[in-house]
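From a predicted model like this one, the values you see are computed outputs, not experimental measurements.
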Amino acid sequence: MPDAKDAAPPSAPGAPAASPPAAPPLKERLVTTEHKLKLGKRTLEYTATCGTLVLREDEAGKDGERSADKPRAALFFVAYTLKNGRNGKPRPLTFSFNGGPGSSSVWLHLGLLGPQRVATDEMGNAPPPPYSLVDNEHTLLTASDLVFIDPIGTGHSRMAEGEKVAEYHDYQRDLDAVGDFIRLYLTRYGRWDSPKYLIGESYGTTRAAGLSLHLQEKHDVFLNGVMLVSLAIDLQTLCFDHGNELPYALFLPTYAATAWYHQALVPELQKKPLRDVIAQAEAFALGDYASALLQGSRLDDSTRDHVAGQVARYSGLTTEYVLRSDLRLGEFRYFKELLRHRGQTVGRLDSRFLGVDRDDAGEKPEDDAAMSNLLGAYASGINRVLKDTLKYEDDAPYVVHAPIWDKWTWKGFENKYVNIGATLRRAMHSNQHMRVYVASGYYDLATPHAAGDYTLSHLGLRGEQFRKISVSYFEAGHMMYIHGPSLARMAGELSAFVGAA
């Protein structure tokens, strides 16, 4: 309890309440530390810089003149730069962010790319709280310097006093902010001569695809490559809306993989290798199943019964349930229905993970078992890294995930599905040297691999340009890097992709 002399005096009766103190103006605040990471016989010496860069925006004055002095937001970032790593040559530089919208950069930072990662077992299970961090022998820092960006409203990124954070909860305004940050970072730290890469996950692939052209057109920044983890650039392939038949067909191969993993397929399929099961499910989904869906109510009863039997065969559900669902298995129904008889639900981000609800009668699970497994570990991890390792002190909460998806706006996409494919195609046509790497998880029921494949095959790229896209598949989920074997292989592929510059 404070001493009496330190206590604030009581307000006089009838006096107006004191106004809260004004928030301090935005200021850049940076902390730099030196580190070493021993990887086998090799020791990485690197510099870590974390803090905020202030973004400023032109403002019209009373006389109509433009002023570039108005601070609008402070973007928080963590950068790792290898000391003496350039050896007289420009070293690659990779900018990383996650998705949501509303997610900080913590997942790629502490799961795949950074010098430390959250400890999980080989499957991806986090240990009990308080969790732990380990040195990341797979860090991309061996091949590229790294910059992790927290979009406005996440991490420690915030708006100036009086500005509305929702202004940047929009597809284009988000590109503006992240693009401005990248240009400022390149200039501030003298990295215009570096090969430049983006890596984004989930909605971060939407952002990365948009930035690939935005950076060219607004800032004259041409990228060497873009890495897209769990592709989500054509939302029509992912949205189960009435009249949109695409997701029902494109999710079926992942339903088949999920049922195979949980031993829920008929014996004939269950004994086959996973990839054979997926290949058969894909052939049916893009053939007879897609054709039946497109016919709608014109589909004859005999064909309907046959297709329902095949959907049941590959999904692990009963024919009766498929028929009651009019052949259309929505994602949340599937999470609940597949193992309902066992009293379990399957995860959305990674269908290998299982949950248990209060009862087994609902239409959808109470929680995503995959996210529940990881959230606490990553939140604990980033707070420990910032304070203990990077010496960044801030009492404000680090926002791992802001619940803003339903508040996100899509100016320019009114009355149509969001599709950034054309933007990526234009960027690749304008920049003939840009390559694209795509990572897809077989157990990802948020952005299924078949939806990603459909998207890529409909970009409108031809010949050599289409061959500049490489796709890798992993026996894991949305965050495939939590799975030990997938982490090792994916890290090697990313290192080779970046090293090609």
Side-chain angles (χ1 to χ4, degrees), residues 75 92-101 105 108 113 140 144-149 151 168 170-187 191-192 194-235 237 410-413 418-440 447 452-453 455-472 493-494 497-498 500-501:
L75 251 67
L93 180 64
T94 299
F95 294 94
S96 174
F97 33 75
N98 274 90
S105 60
L108 289 173
L113 304 176
L140 191 61
S144 171
D145 293 338
L146 305 169
V147 183
F148 297 94
I149 305 170
Y168 284 91
D170 169 76
Y171 167 74
Q172 185 58 52
R173 295 296 284 149
D174 176 72
L175 294 189
D176 292 340
V178 178
D180 287 348
F181 172 88
I182 290 174
R183 182 211 62 80
L184 180 58
Y185 186 93
L186 294 174
T187 300
R191 299 304 297 266
W192 280 86
S194 293
K196 303 168 191 66
Y197 293 86
L198 302 180
I199 182 168
E201 179 179 341
S202 196
Y203 181 81
T205 66
T206 311
R207 180 183 291 120
L211 281 170
S212 66
L213 185 63
H214 177 83
L215 288 170
Q216 288 183 29
E217 294 185 337
K218 185 171 182 180
H219 299 297
D220 298 323
V221 174
F222 283 66
L223 301 170
N224 294 78
V226 177
M227 295 163 277
L228 306 174
V229 180
S230 301
L231 193 67
I233 64 174
D234 179 0
L235 300 195
T237 65
W410 304 93
K411 294 176 183 176
F413 294 98
V418 175
N419 188 342
I420 316 300
T423 300
L424 180 61
R425 178 191 60 78
R426 288 176 56 201
M428 294 182 71
H429 280 179
S430 299
N431 179 3
Q432 296 288 315
H433 301 288
M434 192 176 83
R435 296 168 295 118
V436 176
Y437 169 91
V438 177
S440 294
T447 59
D453 291 346
T455 297
L456 295 174
S457 65
H458 288 77
L459 291 179
L461 293 170
R462 293 182 291 178
E464 186 61 30
Q465 285 299 97
F466 185 71
R467 287 188 286 273
K468 288 183 178 177
I469 299 177
S470 59
V471 184
S472 284
E493 292 174 355
L494 294 178
F497 183 82
V498 171

key: Backbone of Tyr168 reached by a side-chain donor or acceptor of Asp174 within 3.5 Å   = no
Lys/Arg N to Asp/Glu carboxylate O, Asp180 vs Lys218, below 4.0 Å = yes
Working for side-chain contact (heavy atoms from CB on, under 4.5 Å), residues Leu461 and Met428 = CA-CA 9 Å; Leu461 293 170; Met428 294 182 71; 3.6 Å; yes
ask   = Between Ser144 (side chain) and Pro92 (backbone), is there a donor-acceptor pair under 3.5 Å?
value = yes
ask   = With no hydrogens and no angle check, is any side-chain donor or acceptor of Gln172 less than 3.5 Å from a backbone partner on Lys411?
value = no
message = Contact between Phe497 and Ile199 at the side-chain level, heavy atoms closer than 4.5 Å - yes or no?
response = no
request  = State, yes or no, whether a side-chain contact exists between Leu211 and Phe95 at a heavy-atom distance under 4.5 Å.
outcome  = no
request  = For the residue pair Val221 and Trp192, establish whether any side-chain heavy-atom pair is separated by less than 4.5 Å.
outcome  = yes
query = Is His433 atom NE2 crowded by more than 12 heavy atoms from other residues, nucleotides or ligands, each under 6.0 Å away?
reply = no
Flag side-chain contact, heavy atom, 4.5 Å: Leu113 against Phe148 = yes
inquiry  = Taking the side chain as everything from C-beta on, heavy atoms only, tell me whether Thr94 gets closer than 4.5 Å to Met227.
reply    = yes
inquiry  = Checking the side chain of Ser212 only, and the main-chain atoms of Leu424 only, is there a donor and an acceptor separated by less than 3.5 Å?
reply    = no
inquiry  = With heavy-atom distances below 4.5 Å as the criterion, would you say the side chains of Leu175 and Arg207 are in contact?
reply    = yes
ask   = Side-chain contact, heavy-atom cut-off 4.5 Å: Tyr171 with Ile420?
value = yes
request  = Kindly say whether Val498 contributes a backbone atom to a donor-acceptor pair with the side chain of Asn224 at under 3.5 angstrom?
outcome  = no
key: Heavy atoms from other residues, nucleotides or ligands near CZ of Arg173 exceed 12 (cutoff 6.0 Å)   = yes
task = Could you tell me whether the side chain of Leu93 reaches within less than 4.5 Å of the side chain of Leu186, counting heavy atoms only?
result = yes
